[in-house]
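Encoded as structure tokens, the structure appears first; notes follow it.
Here is how names work: the chains are called A, B, and so on, in the same order as the sequence lines, proteins then strands, and each is numbered from 1. Values reported hereafter were calculated over all heavy atoms of this structure, with side chains retained and with hydrogens, waters and symmetry mates removed.
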There are 2 protein chains.
Amino acid sequence: MLELAILGFLHDAPLHGYELRKRITALTGHVKPVAESTLYPAIKRLENARLLERATQPGSVAAPRHVLTLTEEGGRELRRRLAQPPQRDITDENRWFTVLAFLRHLPDPGAQAAVLRRRLAFLEEPASFFYDGDRPLRAEELDDPFRRGILTVARATSQAELTWLRTTLDSLDAAGR
Amino acid sequence: MLELAILGFLHDAPLHGYELRKRITALTGHVKPVAESTLYPAIKRLENARLLERATQPGSVAAPRHVLTLTEEGGRELRRRLAQPPQRDITDENRWFTVLAFLRHLPDPGAQAAVLRRRLAFLEEPASFFYDGDRPLRAEELDDPFRRGILTVARATSQAELTWLRTTLDSLDAAGR
DNA sequence: GGACAATACATCGGTTTCGAGGTATAAGCG
DNA sequence: CGCTTATACCTCGAAACCGATGTATTGTCC
């Protein structure tokens, strides 16, 4: 997820690590902060895999900056990850939002729609957090107000996202024709 | 988060690991699956910390079951974690839902309300995913339909949860008086 | 003039998590 | 009788992540 965000931001423009960190913090940091000690090793991983290149830029504000640029292979890898995200990126909202944030980098509207359809399928299958045997429980059936809250909030999210997904898929399909 | 779920479920009733796994999968598994290779070491950690005890129950269906029981110290630890969750558990929805799922185990309505108020404070501060400098961008200002989706869904979630939080806090305050 | 925050990068050890695989038993099916 | 599925537990190595800490420079505030 972190690597996807790095690739995605660098696809827009070359950045140095510190700036990258600020952007990632703005994107997902209020929910799930990213430590520097997680970011720099991730950059190194991507560099070792030749997905990005580093150019030292001296005479800068403070310590010498390492400007990071996506390689062609890095661009391909970004598109590969966006087109075929693992199931985990579809189901976990944190990860899913990261996919969405960069999905425009997929050149083909059909490929974009295919990813949205996977999320649609996930949201359409009946799933709860609490069960009576196999039967999913509804909010009204719960005594616990906190568990009721979980279901209430999850249902509202799901409704809003389903609406958005369907209209967006319609316009993508219209554009694809 | 996993440890909290284990402590929470065992507070209700002693369970063996396999059953625990099924409950955790029902609770959060559709969003973020838990591998067995994560669960069993987690159980062992909690056992080593004397937060739970293990009793082998032979003559069972298949392999001998290890029935896990929460110790008194385990109960105290559960309440401690519920009363003072780290900020990460407040901001990250996955973690927050786990806190909510077991918050009823806190005996004091005032303490429950205090936790909800932390989430309320987090949701009330203006935060976006995308910025123009320091100014948070609204959905309408974005060209990218996918990024617009993020904001649309996040706003709907936030609205629903704020409503639920306020009514629940009202009734908790009424009960506390 | 000195404290402090921001910029910019990095390492280290420890913890958690994941994926892949392994070992058994029992029940149901054809 | 073998096959699959479910029950039930476990290990191993690799990856990922986190908190603490370190280094150095520049700009800002009092």
Side-chain angles (χ1 to χ4, degrees), chain A residues 1-7 14-26 28-29 31-49 51-52 54-68 81 86-89 91-92 94-95 98 133-134, chain B residues 1-7 14-26 28-29 31-49 51-52 54-68 81 86-89 91-92 94-95 98 133-134:
Chain A
M1 203 191 72
L2 176 58
E3 295 184 359
L4 184 63
I6 296 173
L7 295 174
L15 297 170
H16 54 275
Y18 198 77
E19 176 63 27
L20 201 46
R21 191 189 173 222
K22 285 202 291 187
R23 304 227 177 167
I24 292 172
T25 299
T28 55
V31 168
K32 200 173 154 61
V34 174
E36 289 198 346
S37 50
T38 308
L39 177 63
Y40 285 108
I43 290 174
K44 206 169 275 182
R45 281 201 300 278
L46 296 175
E47 194 191 2
N48 288 340
L51 302 180
L52 57 85
R54 178 188 305 236
T56 305
Q57 199 181 59
S60 162
V61 190
R65 289 176 170 175
H66 295 180
V67 177
L68 309 168
R81 290 189 192 208
Q87 192 57 16
R88 163 154 310 203
D89 286 7
T91 62
D92 186 337
N94 292 158
R95 291 168 172 266
T98 306
D134 275 348
Chain B
M1 204 189 72
L2 177 56
E3 294 185 0
L4 184 64
I6 296 173
L7 296 173
L15 298 170
H16 55 276
Y18 199 76
E19 176 63 27
L20 200 47
R21 190 187 175 225
K22 285 201 291 187
R23 304 227 179 166
I24 292 172
T25 298
T28 56
V31 169
K32 202 174 152 58
V34 174
E36 289 197 348
S37 51
T38 308
L39 177 62
Y40 285 108
I43 290 173
K44 206 168 276 179
R45 281 201 301 278
L46 295 174
E47 194 191 6
N48 289 339
L51 302 180
L52 57 85
R54 178 189 304 240
T56 303
Q57 200 181 59
S60 163
V61 190
R65 290 176 171 176
H66 294 179
V67 177
L68 309 169
R81 292 189 191 207
Q87 191 58 15
R88 164 155 308 203
D89 286 6
T91 62
D92 186 337
N94 292 159
R95 291 169 172 265
T98 306
D134 275 348

Rounded to whole Å, please give me the gap between [atom1] in [X] and [atom2] in [N].
X       : N      : atom1 : atom2 : value
B:His16 : D:dA8  : NE2   : P     : 4 Å
B:Ile43 : C:dT15 : CD1   : C1'   : 18 Å
B:Asp92 : C:dT17 : CG    : P     : 12 Å
A:Glu47 : C:dA10 : CD    : C1'   : 13 Å
A:Arg23 : C:dA8  : CZ    : P     : 12 Å
A:Leu39 : C:dA8  : CG    : P     : 14 Å
B:Leu15 : D:dT7  : CG    : P     : 14 Å
B:Asn48 : C:dT16 : CG    : C1'   : 15 Å

Q: Measure the NE2-CG distance between A:His66 and A:Leu68 for me, rounded to the nearest 0.5 Å.
A: 9.0 Å
Q. What distance do A:Ile43 atom CD1 and A:Arg54 atom CZ have between them, rounded to the nearest 0.5 Å?
A. 6.5 Å
Side chain of [X] only, heavy atoms from C-beta on: which candidate in [options] is closest?
X       : options              : answer
B:Arg54 : D:dA8, D:dC10, C:dA6 : D:dC10
A:Arg65 : D:dA8, C:dA8, C:dA10 : C:dA8
A:His66 : C:dA8, C:dA10, D:dC9 : C:dA10

[X] side chain near [N] phosphate (N/O to OP1/OP2, under 4.0 Å):
X       : N     : answer
B:Lys22 : D:dA6 : no
B:Tyr40 : D:dC9 : yes
B:Tyr18 : D:dC9 : no

Q. Pick one: which of B:Ile24, B:Leu2, B:Leu4 meets side-chain contact (heavy atoms from CB on, under 4.5 Å) with B:Thr98?
A.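 Going through the options one by one, the only one that passes is B:Leu4.
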Q: Only counting residues at least two apart or in another chain, list the ones meeting side-chain hydrogen bond (donor to acceptor under 3.5 Å, both in side chains) with B:Arg45.
A: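 Testing B:Arg45 for side-chain hydrogen bond (donor to acceptor under 3.5 Å, both in side chains), a comparison that skips the adjacent residues, returns B:Glu3.
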(Q) The criterion is side-chain hydrogen bond (donor to acceptor under 3.5 Å, both in side chains); which residues satisfy it with A:His16, sequence neighbours excluded? (A) none
N/O contacts under 3.5 Å, protein versus nucleotides 15-22 of chain D?
| from | atom 1 | to | atom 2 | distance (Å) |
| --- | --- | --- | --- | --- |
| D:dA16 | OP2 | A:Arg45 | NE | 3.1 |
| D:dC18 | OP1 | B:Arg88 | NH1 | 3.0 |
| D:dC18 | OP2 | A:Thr38 | OG1 | 2.7 |
| D:dG19 | N7 | A:Ser37 | OG | 2.8 |
| D:dG19 | O6 | A:Ser37 | OG | 2.8 |

Q: Output, in order, the C-alpha distance, side-chain angles, deciding distance and verdict of side-chain contact (heavy atoms from CB on, under 4.5 Å) for A:Arg81 and A:Leu7.
A: CA-CA 10 Å; A:Arg81 290 189 192 208; A:Leu7 295 174; 4.1 Å; yes
Q: With sequence neighbours excluded, tell me which residues meet side chain to side chain contact (heavy atoms under 4.5 Å, CB included) with B:Arg95.
A: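 Once residues adjacent in sequence are excluded, the partners of B:Arg95 under the side chain to side chain contact (heavy atoms under 4.5 Å, CB included) criterion are B:Met1, B:Arg88, B:Asp89, B:Asp92.
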Q: Please identify each residue that fulfils salt bridge (charged side-chain N to carboxylate O under 4.0 Å, His left out) with B:Glu19, with sequence neighbours left out.
A: B:Lys22, B:Arg23
Q. Just how large is the angle between the end axes of the helix from C:dG1-D:dC30 to C:dG30-D:dC1, five pairs per end, to 10 degrees?
A. 30°
Output side-chain donor-acceptor pairs under 3.5 Å for residues 33-40 of chain A, partner residues at least two apart or in another chain, one line each.
| from | atom 1 | to | atom 2 | distance (Å) |
| --- | --- | --- | --- | --- |
| A:Glu36 | OE2 | A:Arg21 | NH1 | 3.3 |

